[in-house]
There are 2 protein chains.
Amino acid sequence: MNKKTDKTSTPQRILDSAEALFAESGYDGVSLRMITKLAGVELALPNYHFGSKLGLFRAVIQRRSVILNNERMEALNALSDRAESEDLIEAFIGPFLRRSLFGGEGWRDYARVVAQIANSPRWTSEIMSAEFDPVAIEFIRRVRVRFPVAKTEDVYWSFHFLLGAMTMTFAQTGRIDLLSGDTCRGSDLSEIHLRMVPFLSAGFSRLCKGST
Amino acid sequence: MNKKTDKTSTPQRILDSAEALFAESGYDGVSLRMITKLAGVELALPNYHFGSKLGLFRAVIQRRSVILNNERMEALNALSDRAESEDLIEAFIGPFLRRSLFGGEGWRDYARVVAQIANSPRWTSEIMSAEFDPVAIEFIRRVRVRFPVAKTEDVYWSFHFLLGAMTMTFAQTGRIDLLSGDTCRGSDLSEIHLRMVPFLSAGFSRLCKGST
DNA sequence: GCTATATTTGAACACATGTTCAAATATAGC
DNA sequence: GCTATATTTGAACATGTGTTCAAATATAGC
C-alpha cells in the first residue's frame, strides 16, 4: 500500500530505525526484531543488506562519520598556523555540534550512539579509533603548533578532557536537566557550544602553556 | 572442596564477577550464566540473593557508591567557605580517583561500569541521579559560594564539562593509549589527577568569574 | 541432637536471540 | 516481453535468555 510511496529505501529505513534504537538502549539492548519492526520490514533484511547485526551497527556509525570527518578536517585545514586555541577547539567540535543541533533527529541519535560507544571498552579500537582518530591526530598536531613548549603528555591529556566534555554533551541523558531543575537543557546545544569552547580553551591554556 | 575455604561469601563473589563483566560489556552484554560461571556458583543464586538481574546490577552500583559518596561528602564538608576552585574540584573527584587507583581491580571495574551508565539514557534517572546527585548538589552549592556572581547556567554547564572529563577518565577504554602510542596511559590515574584539577579549575574560572 | 530457617542444587519453563534458506516477487537490461 | 539479477518473504533453526521451583543440603538457635 503506502510502502511503495515511501521514498526512503529499505537499507536507509533499517539504518534509521537501528540508529534510533541503538541511541536509546545500546548495541546489546536492541534486537534485530525491534529494528525491523520499527522500520516496517522483514526480519531477514538487515542480514541481507548488511551481512550481520554487527555489520549493521558499523554501517550506522560509518554513514555519518564519513560526512562528519570531512567537515571537521576541512574546518581544521581552513585554519592558519597561528590560530588560537579557541579556533582549534571550535573547528574540532563545531561541525559535530552543529549537525546534532540542526541535522534533525537522525544526527542527534547518532551523537548519542557515539557517546555510548566512546565509553565502552568493547568498541574503542574497532570503531572509535578507526573512525575518529585521524581527525584527532590532526587536531593534536595543530595544538602542538599553537603551544610549541607544551609537553606531549599535557597535550594528550587536555585532549582527553575535551573528549570527555564532548562525549557527555552528545550523550543527552537528561541528567543536567534533572539536576538543574530544567534551568539547563541538554538539548540546547547552542547554549553548550557557547560555553564549551571558552571552558576547554582555558583548560588547554593552563595545561599547555608550559608555565610549570 | 576449596569452596568452603573461600573466605568471600556467595553474594560477594557474585557481585565481584558481575562487576568485572559489566565493566567489560555493559548490562545487556552480560548474562547471568556468564556471571555465575565466573563466580563459580549456581545459576539460580543471583536471583535468590538479589531478586533479579536488575536487582543485582543495582546492588553492584550501590555497594561502592555508599562508601564513595560518604568520602566525597566528607571531603566537601572539610573545606572552608573560602576554598579555591582547585580545592572544590579536588574534593569532588579526588576520592573517586584515589579509590580507582589504589582500591584494586574491583574499584577500577566499578568506575568503568559507572562511566558506561553515565552516558546511557537508560540509567540516568534510575541510577546516576539517584546515587550521585546529592554530592553533585553540594558541590555546585559550594561552587556558587566561591563564584557568587556566576550565572546559574554557567555553573551547571561547567559542572557538566567536569562530569564529562571525569567519566571519560573512569571509562578506561584505552583510546588515549592507542592515540598517543602509549605516551599516555589511561590507567595512570595519578598522572591524570595531576592535570585534571588545574585543567577544570581554569575552565570554571573562565566561565564562572562573571566577566561575560 | 534436634528443629527451624537459610542456602544451594539441578532441572525445567516459556520466550527471545541472530542467522539461514528456498521460494516468491520485483526490478532492470536488452 | 523476456530474461537475469536483486530483493523480499515467511518460516524454521539452534542456541541463549531471565526466571521459577521443589528437593536437597547446610546453618544456626536452643
Side-chain angles (χ1 to χ4, degrees), chain A residues 1-61 63 113 116-117 120 122-123 126-127, chain B residues 1-61 63 113 116-117 120 122-123 126-127:
Chain A
M1 302 292 174
N2 49 4
K3 283 190 181 179
K4 272 189 138 181
T5 63
D6 277 357
K7 52 191 167 218
T8 49
S9 70
T10 301
Q12 270 176 11
R13 288 242 298 282
I14 294 171
L15 287 170
D16 290 340
S17 301
E19 188 173 59
L21 291 169
F22 285 146
E24 203 62 36
S25 310
Y27 179 78
D28 292 307
V30 175
S31 71
L32 288 177
R33 278 159 236 264
M34 296 163 72
I35 294 169
T36 52
K37 190 174 184 181
L38 181 63
V41 302
E42 278 296 320
L43 170 61
L45 287 173
N47 276 320
Y48 174 73
H49 287 286
F50 303 102
S52 65
K53 187 189 179 186
L54 192 60
L56 168 59
F57 191 60
R58 280 197 268 250
V60 166
I61 300 297
R63 174 168 64 153
V113 177
Q116 292 188 54
I117 64 178
S120 158
R122 181 165 168 198
W123 307 109
E126 186 182 357
I127 294 189
Chain B
M1 301 294 174
N2 49 4
K3 284 191 180 179
K4 274 190 136 181
T5 62
D6 277 356
K7 52 192 169 218
T8 50
S9 71
T10 302
Q12 271 176 10
R13 289 242 298 282
I14 294 171
L15 286 170
D16 290 341
S17 300
E19 189 171 59
L21 290 170
F22 285 145
E24 202 61 36
S25 310
Y27 179 79
D28 292 307
V30 176
S31 71
L32 287 177
R33 278 157 237 265
M34 296 164 73
I35 294 169
T36 52
K37 191 173 183 180
L38 181 63
V41 301
E42 277 296 320
L43 171 61
L45 287 173
N47 277 320
Y48 174 73
H49 287 285
F50 303 101
S52 65
K53 187 189 178 185
L54 192 60
L56 168 60
F57 190 60
R58 279 197 269 251
V60 166
I61 299 297
R63 173 168 65 153
V113 177
Q116 291 189 55
I117 63 179
S120 159
R122 181 166 168 196
W123 307 110
E126 186 183 357
I127 294 189

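Each chain gets a letter, A, B and so on, in the order its sequence line appears, and its residues count up from 1.
Taking atom CG of residue Leu32(A) and atom P of nucleotide dT9(D), one finds them 16 Å apart after rounding to whole Å. Summarising the geometry, the separation between CZ on Phe50(B) and P on dT20(D) is reported as 16 Å, rounded to the nearest angstrom. At whole-Å resolution of the value, CG in Leu43(A) and P in dT17(C) are 10 Å apart. Here dA16(C) presents its P atom at 10 Å from NZ of Lys37(A), a figure rounded to the nearest Å. Between Ile35(B) atom CD1 and dG18(D) atom P the separation is 8 Å, expressed in whole Å. A straight line from CD of Glu42(A) to C1' of dT8(D) spans 8 Å, rounded to a whole angstrom. Note: CG (Asn47(B)) to P (dT8(C)) measures 14 Å, nearest angstrom. Rounded to a whole Å, the CG atom of Asp28(A) is 11 Å from the P atom of dG18(D).
Ring orientation note: the planes of Phe57(B) and Trp123(B) are tilted relative to one another, at an angle of 30° to 60°.
Side chain of Thr36(A) to main chain of Arg33(A): a donor-acceptor pair is present (N/O by atom type, distance under 3.5 Å, no hydrogens or angles). The main-chain N or O of Glu42(B) is never found under 3.5 Å from a side-chain atom of Lys37(B) such that the two would form a donor-acceptor pair.
The listed nucleotides are dC21(C), dT19(D), dT19(C); the one nearest the side chain of Ala44(A) is dC21(C).
At dA16(C), none of the side-chain N or O atoms of Ser31(A) fall inside 4.0 Å of OP1 or OP2 (strictly under the cut-off).
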Might you list the N or O atoms of the protein lying below 3.5 Å from N or O atoms in nucleotides 5-7 of chain C, with each pair's distance?
unit_1: dT7(C); atom_1: OP2; unit_2: Tyr48(B); atom_2: OH; d: 3.1

Let me check I have this right: for DNA chain D, each base becomes ., (, ), [, ] or |, based on Watson-Crick or G-U pairs with both distances under 3.5 Å. What is the full string? .||||||||||||||||||||||||||||.

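Taking the nucleotide of DNA chain C with the nearest heavy atom to each of Gly51(A) and Arg33(B), the more 5' of the two is matched to Arg33(B).
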